[in-house]
Amino acid sequence: MEFESGSARMLNLLDKKVMLASQNPKKRDGRMKFKETRHPVYRGVRRKNPQKWVCEIREPNKKSRIWLGTFPTAEMAARAHDVAVIALHGQSGCLNFADSMWKLPIPASTMAKDIQRTAAEGAKAFRPAKLD
């Protein structure tokens with residue numbers, strides 16, 4: 001995949017609207033387990049325990065999921081999810097944050113290992129200073 005600078009991506013986005021999770025509400029959940037653990041706003045994020053958030057994404061046209069990792073904050077998990085959405089769905093994907101298209105790295109390919117590695121890097125960039 002060809003590398004594109006942040007400013008070039010931002011210029012390309014001026015022509016197109018970015019779909020945000022806050023503007024596109026999530027579907028009602030059917031299972032009680034996920035109703036209690038998933039984040040009320042961020043897509044692809046659920047609570048593992050009181051201190052950890054986990055993130056995964058379903059592969060398009062498959063039943064399998066790509067595990068993106070465990071994170072100390074819901075925001076970091078949401079950023080990792082955005083990296084995967086950009087890799088798998090491109091600009092038509094539903095993002096958690098509007099600035100994700102130009103602030104987050106893009107995986108080299110759509111292979112699960114590349115997406116996982118890049119998602120971890122992208123989330124690490126938004127780690128709060130108080131956790132370091």
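Not measured: the values here are computed from a predicted model.
Put simply, Val54 and Leu68 are part of two different groups of oily side chains (I, L, V, M, F, W, Y) that touch within less than 4.5 Å, one to the next.
The two residues Gly44 and His81 have their closest heavy-atom pair at CA-CD2, 3.5 Å. Of all heavy-atom pairs between Pro105 and Gly122, the closest is CD-CA, 3.9 Å. Nearest heavy atom pair, residue Ala84 against residue Ile57, reads CB-CG2, 3.8 Å. Pairing each heavy atom of Trp53 with each of Ala74, the nearest pair is CD1-N, 3.3 Å. Gln116 and Ile66 make their closest contact through CG-CG2, 3.9 Å (heavy atoms, listed as atom of the first residue, atom of the second, distance). Smallest separation of non-hydrogen atoms from Ala87 and Pro107: CB-CG, 3.5 Å.
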Stepwise side chain to side chain contact (heavy atoms under 4.5 Å, CB included) check, Thr73 with Phe126 = CA-CA 10 Å; Thr73 66; Phe126 292 92; over 6 Å; no
Would you please test Ile106 and Thr118 for side chain to side chain contact (heavy atoms under 4.5 Å, CB included) and show each step?
-> CA-CA 7 Å; Ile106 298 175; Thr118 309; 6.0 Å; no
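Taking the side chain as every heavy atom from C-beta outward, Cys55 and Arg46 never approach each other to under 4.5 Å.
Here His89 contributes atom NE2 and Leu95 contributes atom CG; the two are 10.0 Å apart, rounded to the nearest 0.5 Å. Interatomic distance, CD1 of Ile86 versus CH2 of Trp102, reported as 10.0 Å (0.5 Å rounding). Here the CZ-OG distance, from Arg58 to Ser64, works out to 8.5 Å after rounding to the nearest 0.5 Å.
Scanning for side chain to side chain contact (heavy atoms under 4.5 Å, CB included) contacts around Pro50 gives an empty result, with sequence neighbours left out. Legend: residues meeting side chain to side chain contact (heavy atoms under 4.5 Å, CB included) with Ala78, ordered by chain and number and at least two apart, are Tyr42, Val45, Asn96, Phe97. Under the side-chain hydrogen bond (donor to acceptor under 3.5 Å, both in side chains) criterion, Glu121 pairs with no residue at all, not counting sequence neighbours. Partners of Arg117 by side-chain hydrogen bond (donor to acceptor under 3.5 Å, both in side chains), not counting sequence neighbours, listed by chain and number: Asp114. Residues that satisfy the salt bridge (Lys or Arg N to Asp or Glu O under 4.0 Å) test with Arg65, not counting sequence neighbours, are Glu56. Partners of Lys62 according to the salt bridge (Lys or Arg N to Asp or Glu O under 4.0 Å) rule, which considers only residues two or more places apart in sequence or in another chain, are Glu59. Under the side chain to side chain contact (heavy atoms under 4.5 Å, CB included) criterion, Lys52 pairs with Lys48, Asn49, Thr70, sequence neighbours left out.
Through chains of ILVMFWY side-chain contacts below 4.5 Å, Phe71 is grouped with Met76.
Residues in residues 86-96 take part in no salt bridge (Lys or Arg N to Asp or Glu O under 4.0 Å) pair, two or more places apart or across chains. Applying the salt bridge (Lys or Arg N to Asp or Glu O under 4.0 Å) test to residues at least two apart or on different chains, none of the pairs has a partner in residues 84-97.
Between Asp82 and Lys103 there is no salt bridge, since none of the side-chain N atoms of the basic residue sits less than 4.0 Å from a carboxylate O of the acidic one.
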